[in-house]
S.K.: 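One structure follows; several queries about it will come next.
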Number of protein chains: 2
Amino acid sequence: MEDTVVFEEPITAQKCSENLSSVEDAIYVIGGKWKLKIIIVLQENGNIRFNELQRSIQGISARVLSNELKDLELNGFVKRVVHADQIPVVVEYISTDYSRTLKPVIIALSQWGKTHKRKIKENF
Amino acid sequence: MEDTVVFEEPITAQKCSENLSSVEDAIYVIGGKWKLKIIIVLQENGNIRFNELQRSIQGISARVLSNELKDLELNGFVKRVVHADQIPVVVEYISTDYSRTLKPVIIALSQWGKTHKRKIKENF
DNA sequence: CGGTATCCATGTTGATACTG
DNA sequence: CAGTATCAACATGGATACCG
């Protein structure tokens with residue numbers, strides 16, 4: 001009548017409202033069209049400059065990127081580093097340790113996205 | 001020239017653009033403020049009616065819920081079941097097997113959200 | 001280069017009312 | 001109950017120009 005082995009966190013009814021609120025919190029900070037993408041590119045590159053970053057992310061405008069970066073910085077996912085010793089001043093963005101805690105989320109999303117794409121292709 | 005053991009998908013530079021595009025695909029279908037929440041509630045309940053669902057999801061309006069459900073149905077995450085034999089007609093929404101493939105994503109987001117909330121509290 | 005300011009088009013949402 | 005229609009309010013986003 002009962003599973004003897006629990007191999008992964010099951011989605012139980014009790015857990016679920018908790019789940020819901022945690023997922024809500026997560027979506028609140030890393031949701032939206034761009035945030036995770038920026039975080040991924042930043043993790044890929046170690047350090048990257050504004051225009052380079054903009055070029056890396058298809059379709060984002062300077063204004064939106066600028067706003068997103070401010071947001072991400074406030075929440076501790078990104079660090080803005082200014083090299084004032086160079087002229088013209090060089091600004092670099094780097095990902096933080098905290099942004100690396102998102103790795104499991106990124107992996108899960110990436111894997112799901114990959115199989116989803118496969119599924120979509122099969123249906124045509 | 002080939003890895004003999006792959007123990008977890010590492011975030012490497014080569015993998016990353018692939019990552020990026022997969023995550024993009026995922027966000028495209030399950031992104032936004034409501035979709036994942038609806039999916040979670042549906043998975044929790046097995047079957048649930050429209051107004052019940054609306055009450056379960058804090059702050060969503062009937063119009064938005066209706067649109068989201070249509071979208072989710074189109075993408076195979078939700079099934080709309082009409083019990084025409086009852087008067088007035090009862091409509092129930094149930095989650096599909098395909099929506100269950102999102103379990104790892106939900107778990108990852110939920111766990112991250114939980115520790116994030118903890119972190120935020122500590123900083124005050 | 002690394003942004004910001006402004007304007008404007010478009011999209012999204014909320015409130016309310018209404019229907020079968 | 002299970003939505004839909006309508007309209008107004010607001011948010012978001014692109015385009016362009018501009019600045020230090």
Side-chain angles (χ1 to χ4, degrees), chain A residues 24 27-39 41-42 44-75 77-96 99, chain B residues 20 23-24 27-39 41-42 44-75 77-96 99:
Chain A
E24 197 161 353
I27 290 176
Y28 185 75
V29 270
I30 59 166
K33 201 174 167 186
W34 304 112
K35 296 219 165 57
L36 267 180
K37 290 203 226 176
I38 295 171
I39 288 171
V41 172
L42 248 34
E44 175 180 11
N45 288 275
N47 64 320
I48 188 168
R49 296 167 69 171
F50 188 88
N51 288 325
E52 215 179 331
L53 187 50
Q54 193 186 351
R55 270 175 255 119
S56 302
I57 300 175
Q58 265 276 352
I60 198 167
S61 70
R63 186 166 61 99
V64 171
L65 179 56
S66 172
N67 291 335
E68 294 288 70
L69 284 171
K70 276 177 199 157
D71 229 67
L72 289 172
E73 208 189 345
L74 268 176
N75 285 296
F77 297 110
V78 168
K79 193 141 197 10
R80 183 174 184 271
V81 181
V82 183
H83 300 276
D85 51 335
Q86 297 172 45
I87 295 178
V89 164
V90 169
V91 180
E92 286 182 337
Y93 292 89
I94 57 173
S95 68
T96 63
S99 95
Chain B
L20 194 57
V23 170
E24 198 162 353
I27 290 176
Y28 185 75
V29 270
I30 58 167
K33 203 174 167 187
W34 304 112
K35 295 218 166 56
L36 266 181
K37 289 202 225 173
I38 295 171
I39 288 170
V41 171
L42 247 33
E44 174 181 10
N45 286 276
N47 63 320
I48 188 170
R49 297 167 69 171
F50 187 88
N51 287 324
E52 215 180 331
L53 187 50
Q54 193 185 352
R55 268 176 255 119
S56 303
I57 299 174
Q58 264 275 352
I60 197 168
S61 70
R63 186 166 61 96
V64 171
L65 178 55
S66 173
N67 290 336
E68 294 287 71
L69 283 171
K70 276 176 199 159
D71 228 66
L72 290 172
E73 208 190 345
L74 268 176
N75 285 297
F77 297 110
V78 168
K79 193 139 197 11
R80 183 173 182 271
V81 181
V82 182
H83 299 277
D85 51 334
Q86 297 172 45
I87 295 180
V89 164
V90 169
V91 180
E92 286 183 338
Y93 292 90
I94 57 173
S95 68
T96 63
S99 96

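Throughout, protein chains are lettered first and strands after them, A, B, ... in sequence-line order, and every chain is numbered starting at 1.
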S.K.: Could you state the atom-to-atom distance from CZ of B:R63 to P of C:dA17 in whole Å?
M.R.: 16 Å

S.K.: Measure the distance from CG on B:D71 to C1' on C:dG11 and round it to the nearest whole Å.
M.R.: 14 Å

S.K.: Taking atom CD as the centre, does A:Q58 end up with more than 12 heavy-atom neighbours from other residues, nucleotides or ligands that are less than 6.0 angstrom away?
M.R.: no

S.K.: Hey, does A:I38 have a side-chain heavy atom less than 4.5 Å from the side chain of A:L65?
M.R.: yes

S.K.: Within a radius of less than 6.0 Å around CD1 of A:I87, do more than 12 heavy atoms belonging to other residues, nucleotides or ligands occur?
M.R.: no

S.K.: Applying a 4.0 Å non-hydrogen cut-off, can you work out what B:K33 is touching in the nucleic acid: base, sugar-phosphate, or nothing?
M.R.: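 Here B:K33 touches no strand at all.
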
S.K.: Taking all atoms of both residues into account, what is the closest heavy-atom pair of B:Q54 and B:I60, and its distance?
M.R.: NE2-O, 3.2 Å

S.K.: Give me the atom names and distance for the closest heavy-atom approach of B:K33 to B:K37.
M.R.: O-CE, 3.3 Å

S.K.: Side-chain N or O of A:R49 versus OP1/OP2 of C:dG2: is the shortest distance under 4.0 Å?
M.R.: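 For C:dG2, OP1 or OP2 has a side-chain N or O of A:R49 closer than 4.0 Å.
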
S.K.: For A:G59, report the nucleic acid contact type (base, sugar-phosphate, nothing); a contact means any heavy atom under 4.0 Å.
M.R.: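 The answer is sugar-phosphate, as A:G59 gets under 4.0 Å only of primed atoms, P, OP1 or OP2.
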
S.K.: Rounded to whole Å, how long is the line connecting atom CZ of A:R55 with atom C1' of C:dG3?
M.R.: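 Rounded to whole Å, this separation is 14 Å.
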
S.K.: Please report the distance, rounded to the nearest Å, between CZ in A:R80 and C1' in C:dC1.
M.R.: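 A:R80 atom CZ is separated from C:dC1 atom C1' by 12 Å.
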
S.K.: So, OP1 or OP2 of C:dG3: does either fall under 4.0 Å of a side-chain N or O from A:S66?
M.R.: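 False: A:S66 side-chain N/O out of range (4.0 Å or more) of C:dG3 OP1/OP2.
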
S.K.: Is any side-chain heavy atom of A:L69 closer than 4.5 Å to a side-chain heavy atom of A:L53?
M.R.: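 In contact.
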
S.K.: Hey, which sits more toward the 5' end of DNA chain C by its nearest nucleotide, A:E52 or B:V64?
M.R.: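 Its nearest nucleotide lies further toward 5', so the answer is A:E52.
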
S.K.: Measure the distance from CG on A:N51 to C1' on C:dT4 and round it to the nearest whole Å.
M.R.: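 Computing the A:N51:CG to C:dT4:C1' distance gives 14 Å.
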
S.K.: Please report the distance, rounded to the nearest Å, between CZ in B:F50 and P in C:dG20.
M.R.: 18 Å

S.K.: Could you work out how much the helix from C:dC1-D:dG20 to C:dG20-D:dC1 bends, comparing the axis of its first five pairs with that of its last five, to 10°?
M.R.: 40°

S.K.: Rounded to whole angstroms, how far apart are CD1 on B:I57 and P on C:dG14?
M.R.: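 It works out to 13 Å between those atoms.
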
S.K.: Please identify the 5'-most and 3'-most nucleotides of DNA chain D with any atom under 4.0 angstrom from a heavy atom of chain B.
M.R.: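 Terminal contacting nucleotides, 5' to 3': D:dC1 to D:dT6.
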
S.K.: Quick one: on DNA chain C, does B:P88 or A:K70 contact a more 5' nucleotide (nearest heavy atom)?
M.R.: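 Counting from the 5' end, the first nearest nucleotide belongs to A:K70.
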
